[in-house]
Amino acid sequence: MPKLSLVVPVYKVQGYLPECLDSVLGQDCTDFEIIAVDDCSPDGSGAILDEYAKRDSRIRVIHLTENVGLGRARNAGLEKATGDYVLFLDSDDTLSDGALSAICDRLDATDNPEILVFDYARTYWDGTVRPNLRADLLKQDGPDVFSLAERPKLLDLLQIVWNKAYRRDFVTRTGLTFPPGYYEDAPWTFCSLISAERVAVLDRVCVRYRQRREGGNILKTVSRKHFDVFDQYQRVFDYLDAHEELAEWRGPLFRKMADHYLTVLERPGRLPQDARAEFFHRASADYRARLPKGFTRPAGGRGHKYGMLERDAYTTMVSALAAVKFRQRVKTRTRTALNRSKRSAMGAFYQSQLRLPLDDNLVLFSAYWSRSVSCNPAAIDAELARLAPHMRRVWAVRAENAAQVPTGVRVVRVGSREYWAALARAKYLVNNVNFADSVVKREGQVHVQTHHGTPLKTMGLDQQKFPASTDMDFEKLLERCDRWDFSVSANQFSTVIWERVYPCSYTTLETGYPRNDALVNATAEDVRAARAALGLADGAKAFLYMPTHREYQPGFTPPLDLARIADELGPDVTLLVRGHYFYGSSPHVAELRRTGRIIDVSGHARVEELYLAADALITDYSSAMFDYAVLDRPIISYVPDWDVYSAVRGTYFDLLQEPPGAVATTQAELLRLLASGEYDSRDTTERRDTFRRRFCEFDDGHASERVVRHVFLGEPLAELPPIVPLDQRVPAPPPSPGNATSDPISVL
């Protein structure tokens with residue numbers, strides 16, 4: 001049996017769960033088991049648990065058939081625990097490095113106490129770490145092992161269960177279980193501490209307590225469920241009534257009860273306004289019913305509040321709280337004035353438009369910082385025209401890019417009066433990046449963030465770990481992300497990352513990427529048309545080369561000698577190159593371009609047509625690999641600088657170990673793969689299949705339809721077309737069905 005059992009209740013934490021589990025599995029102490037309880041989580045948390053359990057036998061997963069809440073989920077895990085000690089870890093928190101070894105060492109050094117209390121620190125999205133304000137209570141002064149009577153101040157620690165290790169036979173002997181409802185930690189924490197005869201402390205931060213920016217805990221939820229606190233203290237005092245030997249704790253626990261009731265009353269954002277009087281009167285009734293003989297109130301303002309509870313003086317309490325609210329309103333007015341001054345800088349016209357009603361039938365689209373009509377927004381635009389033709393669709397485009405706008409698209413030029421009017425009055429805003437900081441998100445507006453690729457490189461808050469790659473203001477970033485109502489996702493992998501690195505209160509739409517509908521639904525005629533538009537001859541091979549940008553390079557240096565590649569692959573092979581204009585103006589390259597053997601497609605309006613035209617994709621770290629995989633055609637990863645890129649930019653997986661196909665780290669190796677046909681072998685096909693199942697899971701050709709029907713037409717998610725399983729999808733036919741792409745290429 002393991003020394004430690006870690007019970008991890010799981011509900012709607014898919015963005016944080018991998019980090020939590022990794023923090024446990026990466027401990028240098030291995031004498032533990034994880035009992036993860038999926039509390040009928042509606043997101044991908046259950047699947048994440050199953051995947052981890054497949055890889056590590058120390059994880060046991062319990063899938064509950066109904067959502068029972070945190071307390072009873074912990075009970076379900078507790079029933080399956082086999083370790084000498086039980087620890088509870090919330091699934092958005094993490095263990096610090098070496099925490100379990102420190103805990104085990106301290107347990108051994110103190111001869112296995114019934115409870116070991118250890119320290120924690122709060123962590124924030126911006127990397128700030130704040131220590132426990134009562135960490136002084138965990139100083140290892142005096143006896144190593146003691147009872148609570150010897151150190152009663154331990155009751156002043158935060159009422160939580162996850163900063164302690166409990167000997168399992170002690171839990172069984174005392175019959176401790178978690179009750180349902182909010183504040184379920186209070187009965188367990190108090191009853192266990194007053195019952196234990198042997199307690200020890202560990203003055204070391206073992207848990208990193210995540211303070212989620214977007215909420216995610218009961219303390220930031222306005223609800224009548226906060227009335228559950230009365231039931232929890234009823235359980236505490238019932239326990240005292242059943243254990244006369246613990247009567248000495250009636251006074252200290254009465255104080256904890258009164259403080260807790262006052263905290264619920266005083267903190268904004270907990271009780272609905274129409275429930276506050278009722279809560280106060282119930283708190284007052286409990287106060288009078290449980291007031292111990294000889295109880296002395298605290299001094300100062302706190303004692304005054306105790307007196308109001310005892311007298312049931314709700315009106316007096318309201319007056320006291322009103323004074324506090326007045327001071328808060330003064331601060332709010334100051335902030336409002338500041339915001340107004342900022343808005344005034346946007347111009348009087350924009351402000352005037354913001355005062356007009358929203359236009360429920362107006363949609364404003366933008367893509368790539370308003371540089372083009374493309375990507376996921378363009379696919380949604382086309383589907384919206386089909387399903388909701390009454391909607392008026394407008395694109396924000398920079399003046400210098402207006403000439404590339406397709407015929408028939410209505411455009412407002414960025415910075416114009418029409419642009420600001422559309423931003424102010426459009427009911428729907430659709431973008432694959434963020435709008436400018438100056439844009440005001442109005443009440444009633446719906447902002448759809450489509451993103452523009454599955455992430456290999458780190459994004460959002462994860463970029464804080466790689467400062468050399470960005471000078472981003474992350475607070476401003478999150479303010480922009482706060483405007484999102486929907487975040488479109490192509491796969492579960494992306495969903496988990498987006499929800500963690502952009503921790504805001506949006507709804508994730510796991511629809512697939514709308515832009516990839518064109519790849520899934522393409523016909524042989526679409527493929528022929530795409531090739532004809534590029535001047536590609538029938539039967540000729542075309543490789544699409546799409547390198548990505550490197551933030552650590554001041555300019556772009558081509559990692560490939562394109563002229564040599566074209567020469568060695570021969571006249572029957574064409575290179576489609578999409579990227580920067582980096583391949584120079586030498587006479588040789590110019591001749592290759594003239595003959596059509598190198599085609600610059602950097603300015604091509606629709607990358608989806610390039611995908612359809614190409615027999616295979618050559619790329620490095622571009623998200624193009626995830627989209628092109630939809631076609632189930634060969635992908636070659638040419639990554640000569642993987643070590644540098646992964647170290648400077650940071651990546652979410654090792655591309656050398658989990659590639660979508662063949663991998664080359666030198667130009668000679670790339671040439672050999674292309675010339676021999678090894679880029680399209682049984683082995684590379686198996687890799688691509690694994691890659692597709694992981695990253696193309698939602699791209700079934702109906703993504704645009706799902707987005708339009710849910711966001712614009714209001715249809716429930718449950719009524720949208722279900723995802724077509726990958727094995728039932730038929731990819732678009734390859735460009736040259738008569739010529740197997742694995743045939744060797746003649747080398748000159």
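Positions are given from 1 along the sequence.
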Examine [X] together with [Y] and report whether their ring centres are nearer than 6.0 Å.
X	Y	value
Phe486	Tyr506	no
Phe653	Phe695	yes
Phe626	Phe691	yes
Trp484	Tyr502	yes

Quick one: are [X] and [Y] in side-chain contact, heavy atoms under 4.5 Å?
X	Y	result
Val448	Asp485	no
Val488	Thr511	yes
Phe698	Ile723	yes
Leu461	Leu478	yes
Leu477	Asn434	yes
Ser646	Lys457	no
Glu383	Val707	no
Asp22	Glu19	no

Inset, instruction - Give me the ring orientation class for Trp395 and Phe365: parallel if the planes are under 30° apart, tilted from 30 to 60°, perpendicular past 60°. - result: parallel
Inset, instruction - Using the six-membered ring wherever Trp is involved, compare the ring planes of Tyr645 and Tyr621 and label them parallel, tilted or perpendicular (cut-offs 30° and 60°). - result: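 It falls in the parallel class, under 30°.
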Inset, instruction - Sequence neighbours left out, what passes ring-ring contact (aromatic ring centres under 6.0 Å, His included) with Tyr652? Give chain and number order. - result: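 Partners of Tyr652 by the ring-ring contact (aromatic ring centres under 6.0 Å, His included) criterion come out as none, since no residue qualifies.
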Legend entry - Contacts of type ring-ring contact (aromatic ring centres under 6.0 Å, His included), residue Phe435, not counting sequence neighbours: His447
From [X] atom [atom1] to [Y] atom [atom2], the distance as rounded to the nearest 0.5 Å:
X	Y	atom1	atom2	value
Tyr545	Leu610	OH	CG	15.5 Å
Ile497	Thr458	CD1	OG1	9.5 Å
Ile599	Leu575	CD1	CG	9.5 Å
Leu456	Met459	CG	CE	11.0 Å
Arg58	Asp56	CZ	CG	4.0 Å
Leu560	Leu671	CG	CG	8.0 Å

Legend entry - Test log, rule salt bridge (Lys or Arg N to Asp or Glu O under 4.0 Å), inputs Arg729 and Asp699: CA-CA 10 Å; Arg729 303 174 203 166; Asp699 284 329; over 6 Å; no
Inset, instruction - I would like to know whether Glu669 and Thr665 meet side-chain hydrogen bond (donor to acceptor under 3.5 Å, both in side chains); could you show each step before the answer? - result: CA-CA 7 Å; Glu669 190 176 7; Thr665 57; 3.2 Å; yes
Inset, instruction - Keeping the roles fixed (side chain from Gln27, backbone from Ser23), state whether a donor-acceptor pair exists under 3.5 Å. - result: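 Yes: the side chain of Gln27 pairs with the backbone of Ser23.
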Please report the shortest heavy-atom distance between [X] and [Y], naming the atom on each side.
X	Y	value
Asp43	Val13	OD2-N, 3.3 Å
Leu519	Ala732	O-CB, 3.7 Å
Cys375	His451	SG-O, 4.2 Å
Asp517	Ala703	OD1-N, 3.1 Å
Asp615	Pro634	O-CD, 3.5 Å
Pro377	Ser374	CD-O, 3.6 Å

Inset, instruction - Take Gln14 and Thr495, measure what side-chain hydrogen bond (donor to acceptor under 3.5 Å, both in side chains) needs, and give me the verdict at the end. - result: CA-CA 8 Å; Gln14 61 184 4; Thr495 298; 5.0 Å; no
Legend entry - Verdict with supporting geometry, Glu400 and Arg371, side chain to side chain contact (heavy atoms under 4.5 Å, CB included): CA-CA 8 Å; Glu400 62 268 27; Arg371 288 189 172 94; over 6 Å; no
Can you find a side-chain donor-acceptor pair between [X] and [Y] that sits under 3.5 Å?
X	Y	answer
Ser372	Gln404	no
His452	Ser623	no
Asp683	Ser681	no
Asn376	Asn432	no
Thr450	Asn431	no

Inset, instruction - Please name the residue in the list Arg693, Arg694, Arg687 that meets the salt bridge (Lys or Arg N to Asp or Glu O under 4.0 Å) test with Glu658. - result: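 That would be Arg694; it is the only one of Arg693, Arg694, Arg687 passing the salt bridge (Lys or Arg N to Asp or Glu O under 4.0 Å) with Glu658.
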Legend entry - From CA spacing to verdict: side-chain hydrogen bond (donor to acceptor under 3.5 Å, both in side chains), His702, Asn521: CA-CA 9 Å; His702 299 282; Asn521 299 324; 5.6 Å; no
Presence of salt bridge, [Y] and [X], under 4.0 angstrom:
X	Y	result
Asp437	Arg480	yes
Asp462	Arg500	yes
Asp700	Arg706	yes

Inset, instruction - Show your reasoning for whether salt bridge (Lys or Arg N to Asp or Glu O under 4.0 Å) applies to Glu51 and Arg55. - result: CA-CA 7 Å; Glu51 183 61 32; Arg55 302 198 302 260; 3.6 Å; yes
Legend entry - Test: Arg672 cationic atom under 6.0 Å from Tyr679 six-membered ring centre, within 45° of axis: no
Legend entry - salt bridge (Lys or Arg N to Asp or Glu O under 4.0 Å) evaluation trace for Glu686 with Arg682: CA-CA 6 Å; Glu686 290 175 356; Arg682 177 177 297 178; 5.4 Å; no
Inset, instruction - Could you give me the CA-CA distance, side-chain angles and deciding distance for Asp567 and Ile565, then say whether side chain to side chain contact (heavy atoms under 4.5 Å, CB included) is met? - result: CA-CA 5 Å; Asp567 277 347; Ile565 291 286; over 6 Å; no
Inset, instruction - Could you check Gln463 against Phe474 for side chain to side chain contact (heavy atoms under 4.5 Å, CB included), going step by step and ending with a plain yes or no? - result: CA-CA 9 Å; Gln463 288 183 261; Phe474 291 98; 4.0 Å; yes
Inset, instruction - Could you go through the side-chain hydrogen bond (donor to acceptor under 3.5 Å, both in side chains) check for Ser41 and Asp38 one step at a time? - result: CA-CA 6 Å; Ser41 185; Asp38 171 17; 4.6 Å; no
Inset, instruction - Take Leu617 and Met546, measure what side chain to side chain contact (heavy atoms under 4.5 Å, CB included) needs, and give me the verdict at the end. - result: CA-CA 8 Å; Leu617 173 70; Met546 290 184 63; 4.2 Å; yes
